[in-house]
Every structure is written in structure tokens, then in C-alpha cells.
Amino acid sequence: MRKADVVEFYRRLAEANPHPETELESVNDYTLLVAVVLSAQATDAGVNKATRALFAEVDTPQKMVALGLEELKRHIRTIGLFNTKAKNVIALSQALIDHHGGHVPADRDALEKLPGVGRKTANVVMNVAFSAETFAVDTHIFRIGNRTGLAKGRTVLAVEKRLDAVTPAPFRVHAHHWLILHGRYVCKARKPECWRCIVADLCAFKPKTPLPPAKA
DNA sequence: ATCCCGAGGG
DNA sequence: CCCTCTGGAT
């Protein structure tokens, strides 16, 4: 994608959504971290449904360790991969107590050392909790980057580096959420709704059926 | 490359 | 039935 088109691409997403935010619910940095860990290969709506009751009782790593593995599993049973996630959340909470004074570190390398926290999760926490200019490449952003031509790459890391290289300063902080929300509601994996996409003319992807279904 | 793994939509 | 959802560890 040409530089001028990249700027126009972001400019329109920014105009349509001036203050984008995560749709994951949380009450502090710690619960945000837990919510992001739980959101792997799961919808944020599904995560919110489970964490609403959980975070009302448990909003610190100390309380999570006290809750225990089996009780945590009971809370998040409806989320995919819950067995692994429950173990990671308990271990991660203990690590925060042991090595970070019970607080979420504002450091990407420290975050990545926590159980269940990889580069993508660390980038999300850095962006949301600390307003860092990180590009967390999830399933949506990987798809949009390659589909539109904004940031192509064979791996998520390659797409992340392309985004870092092509995204102008004014858009860097919010780029993550603009792309996520665009992918979730318009540029969907199965049926991208190009007929109502505000950046369709800048996009490399040209659908065979650019018009909406007749009944819709 | 493979495993983990439930809910929601088509 | 199938695919997708803000992945990480081995």
C-alpha cells in the first residue's frame, strides 16, 4: 500500500472512531492482564461473561492465589482452553507476588516471562495499561494486514514489524484497536462486509460480490 | 507442527 | 456439520 493511502486508511478509521478502547472488561491493571490471557482463541464477549463474577470477588493476585485452581476453573469453564489458562493465571499471579510486588510490570520483557504471556499478550497490556505504541498482532490484525496490503507478512512477527514501519506517529497508539475493531465488525474472516467498509477503495482485496445480500 | 478446548455463528 | 475467536508452550 502506498504511503499516502496508509495515511488515508488510518485517517478514516480515526475519524469514524476517535477514542477506540478494548472491549475486554477489567477493573485494574491486574484484571486486565488476566482478561487478556483468558482471551486467547476466545471472543471477548465470552471472556467478559465469565470474568464479571470473577473480578467482583477477585481483583488482586493475592486473592487469585487464595481462590485456588479448582475454584478458578469453575469460574472460567465456559472459555476455551480453560484448563491451561487456569493454571497459567494462578502461576502468573504467584509470579507477580514473588517478583513484582503484586503489581503488573510496565515492561514488555518482564511481562513475557510470566506464564501464559507471550509477545501478543504483552503488547496488548503495554498498549492498554501503559499507552505504549505496541502492535499486538492477533488473528484479526494478521488477516487485515495481509488482506488489505497495509502490512503483509508470513508470520505474526513479520506483520508486527511492518506495522511498526508503516504506521505514522499520530496513529501509533490507537492503531491496534482500530484494526481489531475493524476486523471484528467489518473485515470479518469469513464474510468481509466490503459494501459498508470505509476503506474499501484503498484495499487490495476485491470481493467477487461487492454488494450486500439482497435480503439485507 | 501439535496440543489445548468451549461458545457462537453460518 | 464447519469455522472462528485479541495465543502460548512444547
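Nothing here was measured: the structure is a model prediction, and the numbers come from that model. Note on naming: letters A, B, ... go to the chains in the order of the sequence lines (proteins, then strands), and numbering restarts at 1 for each one.
- Each of A/Thr84 and A/Lys191 has a nearest nucleotide on DNA chain B; the 5'-most of these lies closest to A/Thr84.
- When the P atom of C/dC5 is taken as reference, atom CD1 of A/Ile141 falls 12 Å away, rounded to whole Å.
- A/Phe142 has its CZ atom 15 Å from the C1' atom of C/dT4, to the nearest Å.
- At least one side-chain nitrogen or oxygen of A/Asn83 sits closer than 4.0 Å to the OP1 or OP2 atom of B/dC5.
- When atom types are taken as modelled, the side chain of A/Asn48 and the backbone of A/Glu25 share a donor-acceptor pair closer than 3.5 angstrom.
- Between A/His75 atom NE2 and B/dG6 atom C1' there is a gap of 17 Å when expressed in whole angstrom units.
- Atom CZ in A/Phe82 sits roughly 17 Å away from atom C1' in C/dG7 (whole-Å rounding).
- A donor-acceptor contact under 3.5 Å is not formed by the side chain of A/Thr121 with the base of C/dT6.
- Heavy-atom minimum distance, A/Ala40 versus A/Leu81: O-CD1, 4.1 Å.
- Ring geometry, A/Phe9 versus A/His182: the interplanar angle exceeds 60°, so the pair is classed perpendicular (tilted spans 30 to 60°).
- B/dC4 and C/dT6 have their P atoms separated by 23 Å, with the value rounded to a whole Å.
- Under the side chain to side chain contact (heavy atoms under 4.5 Å, CB included) rule, A/Val159 has a single partner from A/Leu150, A/Ile144, A/Asp164, A/Val137, which is A/Val137.
- Residue A/Leu92 is out of contact with every strand shown, counting any heavy-atom pair closer than 4.0 Å.
- Within the 4.0 angstrom heavy-atom criterion, no nucleotide atom of any strand lies near A/Gly46.
- Of the listed nucleotides (B/dG9, B/dA7, C/dG8), B/dG9 has the atom at the smallest distance from the side chain of A/Arg190.
- Taking all atoms of both residues into account, the shortest heavy-atom contact from A/Gly46 to A/Ile79 is O-CG1, 4.2 Å.
- Dashed line: the shortest gap from a side-chain N or O of A/Lys85 to OP1 or OP2 of C/dG8 is not under 4.0 Å.
- The residue among A/Thr43 and A/Val117 whose nearest nucleotide of DNA chain C lies closer to the 5′ end is A/Thr43.
- Nucleotides B/dA7 and C/dG8 place their P atoms 22 Å apart, quoted to the nearest Å.
- Across all strands, A/Lys49 comes closer than 4.0 Å only to sugar-phosphate atoms, never to a base (heavy-atom distances).
- Residue A/Thr139 places at least one side-chain N or O under 4.0 Å from the OP1 or OP2 atom of C/dC5.
- Distance, A/Ile180 CD1 to C/dG7 C1': 12 Å, rounded to whole Å.
- A salt bridge links A/Arg74 with A/Glu71: the closest approach of a Lys/Arg side-chain nitrogen to an acidic carboxylate oxygen falls below 4.0 angstrom.
- For C/dT6, one of the phosphate oxygens OP1 or OP2 lies less than 4.0 angstrom from a side-chain nitrogen or oxygen of A/Arg184.
- Here A/Ala189 lies in heavy-atom contact (under 4.0 Å) with sugar-phosphate atoms only.
- C/dT6 atom P lies 7 Å from atom CG of A/Asp138, rounded to whole Å.
- Distances shown here put a side-chain N or O of A/Arg143 below 4.0 Å from the OP1 or OP2 atom of C/dC5.
- The CZ atom of A/Arg119 sits 16 Å away from the C1' atom of C/dT6 (whole-angstrom rounding).
- Taking atom CG of A/Asp44 as the reference point, atom P of B/dG6 lies 20 Å away to the nearest angstrom.
- Contact annotation: A/Gln41 reaches the phosphate of C/dG7 (side-chain N/O to OP1 or OP2, under 4.0 Å).
- The phosphate of C/dT6 (OP1 or OP2) has no side-chain N or O of A/His176 nearer than 4.0 angstrom.
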